[in-house]
Q: 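Next up is a structure, given as structure tokens.
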Amino acid sequence: MTSSGTRREEIVRLATTAGAANVEDLAIRFSVTASTIRRDLAALNTQGKLARTYGGALGLVAHPEASLRERMGAAYEKKGAIARWAAAQVQPGESLLLDAGSTVAAVAHELRSARDLRVATVGLTVLQELADVSGIQVECLGGRLRRLSQGFLGALTEAALERMTFNRVFLSADAVTPGKGICEADLEQTRLKELMARRAEKIYVLAHGAKLGKTPFHAWARLPLPWNLVTDNSASKDVVNAFIAEGVTVVVVGGLSV
């Protein structure tokens with residue numbers, strides 16, 4: 001029999017990874033009574049480690065959001081290939097809007113040799129990439145800093161957007177699915193992405209293959225058609241075809257434009 005401390009740690013892990021935990025199932029798993037499990041759940045709820053539900057418990061964050069620092073090293077080569085394709089679409093004299101996010105930051109890095117551009121952004125990493133580039137006029141939309149994503153959002157950001165238009169917007173995504181659109185950790189992020197999309201002539205969502213068809217969170221941004229999904233050749237053919245069926249233009253970097 002496990003100790004109460006070890007058992008409770010395992011309950012939190014199960015509720016977080018599976019999304020929910022049932023009293024009867026937990027009692028069988030740990031060879032204890034249902035009343036013991038209920039006491040465990042009550043204690044964990046009081047500690048703020050999970051939320052009680054009728055008959056069990058729910059993980060507070062079923063899919064923890066990674067920080068931007070953690071995401072910067074993930075799928076590095078795939079993000080780099082997507083970023084190079086995106087930067088190659090930009091023409092001198094254009095006005096760009098760049099989101100926060102690791103792939104969009106890679107686009108900013110690829111643009112460092114560009115000239116005669118105006119770039120507005122909500123991302124700190126984009127600002128850092130372009131701050132010393134003399135050929136690019138850089139504008140920060142400001143707002144409240146969301147430290148986890150290293151991006152600005154909120155009423156001030158939205159007010160600034162209302163005064164500006166752009167040739168292209170490059171958006172990041174925690175995940176993206178056909179029909180639902182961009183999936184993010186909170187509603188403010190999705191609202192901002194929708195507003196950003198409305199201010200640009202051409203919309204690009206940059207997401208490597210592992211992000212397609214996923215639903216890690218419950219906040220969504222619906223984008224106006226037409227928009228472009230730029231991904232890599234690890235993307236599932238079935239998922240790519242599902243985006244195309246929704247009217248989205250899909251570019252598979254390292255493969256063929258579909």
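For this chain, numbers begin at 1 and follow the sequence in order.
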Q: Could you walk me through whether Ser172 and Lys193 satisfy the side-chain hydrogen bond (donor to acceptor under 3.5 Å, both in side chains) test, starting with their C-alpha distance in whole Å, then the side-chain angles of each, then the deciding distance to 0.1 Å, before giving a yes or no?
A: CA-CA 9 Å; Ser172 63; Lys193 289 180 193 294; 3.2 Å; yes
Q: Roughly how far, to the nearest 0.5 Å, is the CG atom of Leu195 from the CG atom of Leu141?
A: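 The CG atom of Leu195 is 11.0 Å from CG of Leu141, to the nearest 0.5 Å.
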Q: Can you hop from Leu223 to Trp220 via hydrophobic side chains spaced under 4.5 Å?
A: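 Different clusters.
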Q: Please give me the minimum heavy-atom distance between Phe30 and Ile37, naming the atom from each residue.
A: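 Scanning both residues, the minimum pair turns out to be CD1-CD1, 4.3 Å.
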Q: Check this for me: does any side-chain nitrogen of one of Asp40 and Arg7 sit under 4.0 Å from a carboxylate oxygen of the other?
A: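 Salt bridge present between Asp40 and Arg7.
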Q: Between Asn167 (side chain) and Ser95 (backbone), is there a donor-acceptor pair under 3.5 Å?
A: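 A pair under 3.5 Å: yes.
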Q: When clusters are formed by joining ILVMFWY residues with side-chain heavy atoms under 4.5 Å apart, either directly or through shared neighbours, do Ile244 and Val176 land in the same one?
A: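 As far as the 4.5 Å side-chain criterion goes, Val176 and Ile244 are connected within one cluster.
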Q: Look up atom CZ in Arg146 and atom CG in Leu124, then write down how far apart they are to the nearest 0.5 Å.
A: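 Going from the CZ atom of Arg146 to the CG atom of Leu124 covers 13.0 Å.
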Q: Hey, any chance Leu97 and Met164 share a hydrophobic cluster, counting ILVMFWY side chains that come within less than 4.5 Å of each other, even indirectly?
A: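 As far as the 4.5 Å side-chain criterion goes, Met164 and Leu97 are connected within one cluster.
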Q: Given Leu171, which of Leu192, Ile182, Leu206, Val104 fulfils the side-chain contact (heavy atoms from CB on, under 4.5 Å) condition?
A: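 Going through Leu192, Ile182, Leu206, Val104 one by one, the side-chain contact (heavy atoms from CB on, under 4.5 Å) with Leu171 is satisfied by Ile182 alone.
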Q: Going through the distances and angles, do Asp99 and Met196 end up as a side-chain contact (heavy atoms from CB on, under 4.5 Å)?
A: CA-CA 8 Å; Asp99 201 357; Met196 292 171 73; 4.1 Å; yes
Q: Run the side-chain contact (heavy atoms from CB on, under 4.5 Å) test on Val253 and Val230 for me, step by step, so that the C-alpha distance in whole Å, both residues' side-chain angles and the decisive distance to 0.1 Å come before the verdict.
A: CA-CA 7 Å; Val253 178; Val230 187; 3.8 Å; yes
Q: Can you give me the closest heavy-atom contact between Lys214 and Thr177, atom names plus distance?
A: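 What the structure gives for the nearest pair is O-CG2, 3.1 Å.
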Q: Looking at Arg118 and Glu94, is any side-chain nitrogen of the basic one under 4.0 Å from a carboxylate oxygen of the acidic one?
A: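 Salt bridge between Glu94 and Arg118, a charged N being under 4.0 Å from a carboxylate O: no.
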Q: Donor-acceptor check, side chain of Thr190 to backbone of Ala219, threshold 3.5 angstrom: yes or no?
A: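 No: the side chain of Thr190 does not pair with the backbone of Ala219.
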Q: So, the side chain of Gln150 versus the backbone of Thr125: is there a donor-acceptor pair under 3.5 Å, distance only?
A: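 It does not hold such a pair.
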Q: Students often mix this up, so state it plainly: with edges at 30° and 60°, are the rings of Phe170 and Tyr204 parallel, tilted or perpendicular?
A: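 Ring orientation of Phe170 relative to Tyr204: parallel.
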Q: Between the side chains of Arg199 and Glu162, is the shortest nitrogen-to-carboxylate-oxygen separation below 4.0 Å, so that they form an ion pair?
A: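 Salt bridge flag = no for Arg199 with Glu162.
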Q: Checking Arg112 side chain against Glu129 main chain: does a donor-acceptor pair fall under 3.5 Å?
A: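 Indeed, once roles are kept as given, a pair shorter than 3.5 Å links the two residues.
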Q: Looking at Asp232 and Lys79, is there a salt bridge between them, counting it only when a charged N and a carboxylate O are closer than 4.0 Å?
A: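 Salt bridge: no.
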Q: Keeping the roles fixed (side chain from Glu194, backbone from Arg222), state whether a donor-acceptor pair exists under 3.5 Å.
A: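 Between the backbone of Arg222 and the side chain of Glu194 there is a qualifying donor-acceptor contact (under 3.5 Å).
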Q: Would Ser149 and Gln189 satisfy side-chain contact (heavy atoms from CB on, under 4.5 Å), going step by step from the backbone distance to the final call?
A: CA-CA 10 Å; Ser149 59; Gln189 287 180 294; 4.1 Å; yes
Q: Any side-chain to backbone donor/acceptor pair from Arg168 onto Ala200? Under 3.5 Å, distance only.
A: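 Here the side-chain-to-backbone pair does not exist.
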